[in-house]
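Scroll down for the structure; my scribbles are underneath it.
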Amino acid sequence: MSPSIQSKLPAAGTTIFTVMSSLAVEHKAINLGQGFPDFPMNDQLTELVSRSMKDGNNQYVHMCGLPALRESIAAKCNRLYNAGINPDSDITITPGGTYALYTAFTAILQPGDEVILFEPAYDSYIPNITINGGVPVPISLNATDYSINWDEVKAKINSKTRAIIINSPHNPTGAVLSQHDIEQLKSVVACTNIIIISDEVYEHLIFDDKPHLSMLKYPELRERSFVCFSFGKTYHCTGWKMGYCIAPEAMMREFRKVHQFNCFTCNSPVQYALAEFLKDEEHYLQLGKQIQQKRDYFAEQMKQTRFTPIPSFGSYFQLYSYKNYSGEPEFDFAVRLTKEAGVATIPVSSFYMKPENNQVIRFCFAKKESTLEEAINRLVKFG
Ligand code: PMP
Ligand code: GLN
């Protein structure tokens, strides 16, 4: 008999992304649930990786990431955000954005430390906090536009508040931070010891000419932020699991203490390729427009159904209310839609610590037009 384990995450089941993707496979449904593109990534980048492997770049690179890649990232962020980033001390390459977030939590949290987060929230945040002995303090985003209620943030801050998680563009709602939010954030953290963990994996997936308000742009925020990014989202290669974290030197030193004993260093041929590919800014600057076309195509076609859209300004996602179809709980409806309509989505209730049921599901529109078209045909037939 195997020994028993006292669970470190007793409340956790299997992540909703795995649950819904498995159900999609089982029922041969079109998967508009988990966020991944089904269109091909850039050939030039796959060529660069393949050349890099053939050239023999197959051994460990520097623990903090290939220096040339860190230099390309620093040049990009200094150009976009005027951030004064030092590639030697302020950047660490990670196996994905989720790992970067986890490492930041592990580096900073002591038992009992409180972390403020906004719900609905990406599903890794709360387990990342609790496994590190922290206490999640969820605040619901405003009902109509998913904006932040800053009065509630002020009310929840106390001497135990160690960090605030910011995520813009936001998963799952597609909301983005405004200049007003930045001013509020500056004011609530001023003269405190609060750290900001900023999840900016959708930095370039932003629509309607809105600017991405990165923590890196504002010295008062940058000096207290771990900012986490993912190449998976920027270059349509979510399966590569490559990302990075940027933080001021002293904070990054603690991050690296954790990283060095966990993953130590990441995939080397991919880092050589990315160092080169990142130099051409067109690849990421056109991304917002490219994905916005998909959002708009999807939204237009969805008018044939009775789902009601909630505006999305960024990310791969758009929320829709299904109140015109049913009052059943979100998870039940999403399962039924997968089985009966053949379209998988994500119930937004999975992004809450105490599941709420607002009859809202999340669709991923980062798909080929033919995929979106077939999904909508199925939804129209659904009723
Ligand atoms: N944060 C958010 C909000 C995400 O949607 C994702 C997507 N998976 C990540 C972080 C992590 O990305 P990665 O796959 O690079 O770990
Ligand atoms: N970020 C993606 C999403 O929100 C998927 C991440 C995952 O599968 N863990 O759908």
Side-chain angles (χ1 to χ4, degrees), residues 12-25 30-38 41 65 73 92-105 117-129 141 146 165-177 196-206 212 214-215 226-246 259 262-263 266-267 270-271 274 284 291 312-319 334 338 344-352 360-367:
T14 301
T15 162
I16 191 67
F17 304 116
T18 300
V19 170
M20 294 310 296
S21 285
S22 305
L23 204 67
V25 171
I30 296 176
N31 192 350
L32 303 189
Q34 194 176 26
F36 61 88
D38 71 343
M41 61 176 294
I73 292 169
T92 300
I93 310 300
T94 62
T98 313
Y99 173 102
L101 294 161
Y102 186 90
T103 306
F105 286 122
L117 63 130
F118 302 102
E119 287 191 325
Y122 184 54
D123 78 337
S124 68
Y125 299 160
I126 287 176
N128 282 189
I129 296 164
L141 290 169
Y146 296 104
I165 311 177
I166 298 289
N167 172 214
S168 180
H170 184 256
N171 181 3
T173 68
V176 301
L177 288 183
I196 298 167
I197 299 197
S198 186
D199 181 344
E200 301 187 17
V201 301
Y202 298 106
E203 103 193 272
H204 298 300
L205 296 158
I206 185 159
H212 171 56
S214 173
M215 296 301 117
F226 288 100
V227 190
C228 302
F229 298 93
S230 170
F231 287 113
K233 308 292 167 176
T234 303
Y235 292 139
H236 311 314
C237 51
T238 60
W240 283 14
K241 295 298 297 187
M242 287 292 291
Y244 54 99
C245 181
I246 299 182
H259 168 71
N262 191 8
C263 135
C266 308
N267 185 306
V270 167
Q271 292 192 59
L274 286 169
Y284 50 83
I291 301 295
S312 164
F313 301 102
S315 81
Y316 278 163
F317 310 114
Q318 176 135 25
L319 303 186
T338 310
T345 59
I346 301 290
V348 174
S349 50
S350 300
F351 295 79
Y352 288 87
V360 177
I361 51 177
R362 190 193 80 174
F363 289 83
C364 172
F365 51 70
K367 303 287 176 190

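All ligand and atom numbering here is 1-based and tracks the order in the structure.
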Requested in this report: Hey, can you tell me if Tyr235 and Phe231 have their rings parallel, tilted or perpendicular (30° and 60° cut-offs)?
Outcome: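 The rings of Tyr235 and Phe231 lie parallel, inter-plane angle below 30°.
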**Report entry** Distance (rounded to the nearest 0.5 Å) between Phe17 CZ and Ser350 OG
**Finding:**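 These two atoms lie 8.0 Å from each other.
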Between [X] and [Y], is there a donor-acceptor pair closer than 3.5 Å when you use the side chain of the first and the backbone of the second?
| X | Y | answer |
| --- | --- | --- |
| His204 | Lys233 | no |
| Asp123 | Tyr125 | no |
| Thr238 | Phe36 | no |
| Ser198 | Glu200 | no |

For ligand 2, the portion of [X] having any non-hydrogen atom under 4.0 Å away:
| X | value |
| --- | --- |
| Phe36 | neither |
| Phe351 | neither |
| Met20 | neither |
| Asn171 | side chain |

Query raised in the report: Can you find a side-chain donor-acceptor pair between Asn262 and Tyr102 that sits under 3.5 Å?
Result: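 No.
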Query raised in the report: Just checking, any donor-acceptor pair under 3.5 angstrom between side chains of Tyr202 and His212?
Result: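 There is no such pair (donor and acceptor under 3.5 Å, judged by atom type) between the side chains of Tyr202 and His212.
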Should you measure from each heavy atom of [X], which atoms of ligand 2 turn up under 4.0 Å away?
| X | answer |
| --- | --- |
| Lys233 | 1 (N), 2 (C) |
| Tyr202 | 1 (N) |
| Phe317 | 3 (C), 4 (O), 10 (O) |
| Tyr122 | 1 (N), 4 (O), 6 (C), 7 (C), 9 (N) |

Considering the heavy atoms of [X], write down every atom of ligand 1 situated less than 4.0 Å from one of them.
| X | answer |
| --- | --- |
| Gly97 | 12 (O), 13 (P), 15 (O), 16 (O) |
| Tyr202 | 3 (C), 4 (C), 5 (O), 7 (C) |
| Lys241 | 13 (P), 14 (O), 16 (O) |
| Gly96 | 15 (O), 16 (O) |

**Report entry** Within-shell test, Thr238 vs ligand 1, heavy atom, strictly < 4.0 Å
**Finding:**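 Thr238: no contact with ligand 1 (<4.0 Å).
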Query raised in the report: Below 4.0 Å from any atom of ligand 1, is there a heavy atom belonging to Lys233?
Result: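 Lys233: in contact with ligand 1 (<4.0 Å).
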Nearest protein heavy atom with distance in Å, relative to [atom]:
| atom | answer |
| --- | --- |
| atom 7 (C) of ligand 2 | Phe17 CD1, 3.5 Å |
| atom 1 (N) of ligand 1 | Asp199 OD2, 2.5 Å |
| atom 5 (C) of ligand 2 | Gln34 CG, 3.9 Å |
| atom 8 (N) of ligand 1 | Tyr122 OH, 3.1 Å |

Query raised in the report: Given side chains that start at C-beta, do those of Phe351 and Ile346 come closer than 4.5 Å, heavy atoms only?
Result: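 Touching, per the 4.5 Å side-chain cut-off.
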Query raised in the report: Would you say Ser230 has any N or O atom under 3.5 Å from an N or O of ligand 1, going by distance alone?
Result: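 Yes; the residue has a nitrogen or oxygen that sits under 3.5 Å from a nitrogen or oxygen of the ligand.
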**Report entry** Nearest neighbour of atom 12 (O) of ligand 1 from the list Thr94, Thr98, Asn171, Leu101, on a heavy-atom basis
**Finding:**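 Residue with the shortest heavy-atom distance to the ligand atom: Thr98.
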Report task. Run down the list Ser124, Gly35, Gly33 and name the one with the heavy atom closest to atom 10 (O) of ligand 2. Result ->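 Comparing heavy atoms across Ser124, Gly35, Gly33, the nearest one to atom 10 (O) of ligand 2 lies in Gly35.
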**Report entry** is_close_aromatic(Phe105, Phe226), centroid dist under 6.0 Å
**Finding:**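 Ring centroids of Phe105 and Phe226 are no less than 6.0 Å from each other.
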Query raised in the report: Would you say Thr15 touches ligand 2, if touching means a heavy atom closer than 4.0 Å?
Result: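 Thr15 does not count as a contact of ligand 2 under the 4.0 Å cut-off.
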Query - Qualifying residue, where the test is side-chain contact (heavy atoms from CB on, under 4.5 Å) with Val348 and the options are Ile16, Val360, Ile361 - result: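 Exactly one pass, corresponding to Val360.
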Requested in this report: Using the side chain to side chain donor-acceptor pair (under 3.5 Å) rule, take Asn171 and Ser315 through it: C-alpha gap first, then chi angles, then the decisive distance, then the call.
Outcome: CA-CA 7 Å; Asn171 181 3; Ser315 81; over 6 Å; no
Query raised in the report: Are Phe229 and Thr234 close enough, and set up right, to give a side-chain contact (heavy atoms from CB on, under 4.5 Å), and what steps lead you there?
Result: CA-CA 9 Å; Phe229 298 93; Thr234 303; over 6 Å; no
